[in-house]
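Written out below as structure tokens is the structure these notes cover.
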2 protein chains.
Amino acid sequence: MRISELSRRSGVPVATIKYYLREDLLPKGEAVSTTQADYSEAHLHRLRLVRALVEVAEVPLARIRAVLAALDDPGLDLHTVLGTAIFAMSPAPEDRPGDPDWDRAADQTAELLAELAWRITPGSPARAQLTQALAAMQALGRPATPEMLRGYAAAAHQAARLDVACIDPEAPREEALLYAVSLSALMEQSLGALRRLAQEDVSAARFGAAAPGAQGREPGTEPR
Amino acid sequence: MRISELSRRSGVPVATIKYYLREDLLPKGEAVSTTQADYSEAHLHRLRLVRALVEVAEVPLARIRAVLAALDDPGLDLHTVLGTAIFAMSPAPEDRPGDPDWDRAADQTAELLAELAWRITPGSPARAQLTQALAAMQALGRPATPEMLRGYAAAAHQAARLDVACIDPEAPREEALLYAVSLSALMEQSLGALRRLAQEDVSAARFGAAAPGAQGREPGTEPR
DNA sequence: CTCTGTTGGAGAGTACTACTCTCCAAGCTG
DNA sequence: CAGCTTGGAGAGTAGTACTCTCCAACAGAG
């Protein structure tokens, strides 16, 4: 199919598709002539994936590019490639050793992970992310307690079991990986939304009374 | 304290503090003379909160402004103000009625929420977010199953119980709200990080073998 | 009372991201 | 062969979050 059909079928403007091609977010179509290239269903599929990550999961293009590059890397086993992709997906805050809040948070992280005994890669960006969040709570004067962390870890592990259960190792590798990554990112959004909904339920149970958001903004209205 | 001390104590450049003052992210100090204003501990505290939301939770300034405005709104009960703040915090994707993927996702959402019977506000942006994520999965040809959704909802509810348990209704209102909001945002980051760590553990258990990310990027290296 | 430095306030400028627009010659289509 | 589309490349734009520059009005040191 030509670029205009790719655009029509995906709903993405031609100019944007050209931009993605330039930025290596979409592989080039097979050149039929100097001014004509052929795009396949795989292109359409990848384009939809990019759009889902951009629009729904709000992943920066640079990170999407890194993830796709990891997926295209052949010759690694499923677990390794998945790990690499998830690494590339996450923001990696820089360590701030020496900062007292950071160091205390790093200890909290180490203690929690030692207790959980999860099989994880040492330098994982997720670990730095966790430390960063705990350091921020420290700085706000409300450090997380070990009991809280254990509870959140249990919830996270439950979600992760569901994530991994969705992976079909029998499916074609490319497809399985693509789904695993997109599912991980989209389920992160879903989990966040579900958590906010659940917060309302729990808060209603605890503090009771009227429905909130009565004077909240109209649906679809971005603040300012 | 003067602006320079506020800057020194918070680690935020004076220029940025001035910018936040202009942008209504920080209330003005009490004017002592034409060219001198006095900032309190409350200013320092709010500044730290803004920085935590910007740096760690990556919340856009416009949304932080909306949240702070909601918190400053007096005369509402705790549950209501909290709900309003959480509303202001979340992105609100626009509905796309008519789009088949969207409509199916909206049905899924309605079915799940009916089954869960959580006490939630009808127009909640979190609901639209959930629908959006489910619609994206639909579009990628891998719709979420009701069983999966139930599982994720259970995990989310568990996290939400921990969130709400942290709120101390006896604490000064302003303080309780500030902590609730920052905790919600920072714990979202922590939960995401924990989930990624747990994914690695579960994936290792299921697909076994070598440590992943061996050729992942160095810690602290942003892709491209 | 002068001199040095800081402050609040406002505007312009910058860096980055994610497009979006314009142009062009080559090429396919009626 | 006229008129549309296409691939490719560069320039332009909109939005976000600062960052810099300037200035007159002070404040404190000597």
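Chain A is the first sequence line, chain B the second, and so forth, proteins listed ahead of strands; every chain is numbered from 1. Note that the structure is predicted; figures quoted are calculated from it, not measured.
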Exercise. Between Arg63(A) and Glu58(A), is there a salt bridge with N-O shorter than 4.0 Å?
Worked result: no
For this session: Please work out which residues in residues 42-57 of chain B have a non-hydrogen atom less than 4.0 Å from an atom of DNA chain D and list them by number.
Result: Arg51(B), Val54(B)
Exercise. How many angstroms lie between atom CE of Met148(B) and atom CG of Leu112(B), to the nearest 0.5 angstrom?
Worked result: 11.5 Å
Exercise. Are more than 12 heavy atoms from other residues, nucleotides or ligands located less than 6.0 Å from atom CZ of Arg2(A)?
Worked result: no
Seminar exercise, completed: Between Ala185(B) and Met89(B) the two heavy atoms that sit nearest each other are CB-CE, 3.7 Å
Exercise. In whole angstrom, what separates Ile17(B)'s CD1 from dA17(D)'s P?
Worked result: 17 Å
Problem set entry | Atom pair distance, as rounded to whole Å: CD in Glu58(A) and P in dC16(C) | 21 Å
Exercise. Would you say the side-chain atoms of Asp38(A) pair up with the backbone N or O of Met1(A), donor to acceptor, closer than 3.5 Å?
Worked result: yes
Exercise. Tell me: OH of Tyr19(A) to P of dT13(D), nearest whole Å?
Worked result: 17 Å
Problem set entry | Side-chain N or O of Tyr20(A) closer than 4.0 Å to phosphate OP1/OP2 of dC19(C) | yes
Exercise. To the nearest 10 degrees, how far apart in direction are the end axes of the helix from dC1(C)-dG30(D) to dG30(C)-dC1(D), each fit to five base pairs?
Worked result: 10°
Pick out the pairs of N or O atoms, protein on one side and nucleotides 8-12 of chain C on the other, that lie under 3.5 Å.
| unit_1 | atom_1 | unit_2 | atom_2 | d |
| --- | --- | --- | --- | --- |
| dG8(C) | OP1 | Ala37(B) | N | 3.1 |
| dG8(C) | OP1 | Ala37(B) | O | 3.3 |
| dG8(C) | N7 | Lys18(B) | NZ | 2.9 |
| dG9(C) | N7 | Lys18(B) | NZ | 3.3 |
| dG9(C) | O6 | Lys18(B) | NZ | 3.1 |
| dA10(C) | N7 | Arg22(B) | NH1 | 3.4 |
| dG11(C) | O6 | Arg22(B) | NH2 | 3.1 |

Exercise. CG of Leu25(B) versus C1' of dT16(D): gap in Å, rounded?
Worked result: 12 Å
Problem set entry | Qualifying residue for side-chain contact (heavy atoms from CB on, under 4.5 Å) with Val54(B), from Leu61(B), Val12(B), Val59(B) | Leu61(B)
Exercise. Between dT6(D) atom P and Leu6(A) atom CG, what is the distance in whole Å?
Worked result: 11 Å
Seminar exercise, completed: In whole angstroms, the gap separating P of dG7(D) from CD of Glu30(A) amounts to 13 Å
Problem set entry | NZ on Lys18(B) to CD1 on Ile3(B), rounded to 0.5 Å | 6.0 Å
Problem set entry | Arg63(B) CZ to dG15(D) P, straight-line distance once rounded to whole Å | 16 Å
Problem set entry | Electrostatic pair Asp101(A)-Arg96(A), nearest N-O below 4.0 angstrom | no
For this session: Quick one: pull up NE2 in His43(B) and CD in Glu5(B) and give me the separation to the nearest 0.5 Å.
Result: 13.5 Å
Exercise. Would you call Glu174(B) and Arg46(B) a salt bridge, taking side-chain N to carboxylate O under 4.0 Å as the test?
Worked result: yes
Exercise. Should we say atom CD of Glu30(B) is surrounded by more than 12 heavy atoms from elsewhere, each under 6.0 Å from it?
Worked result: no
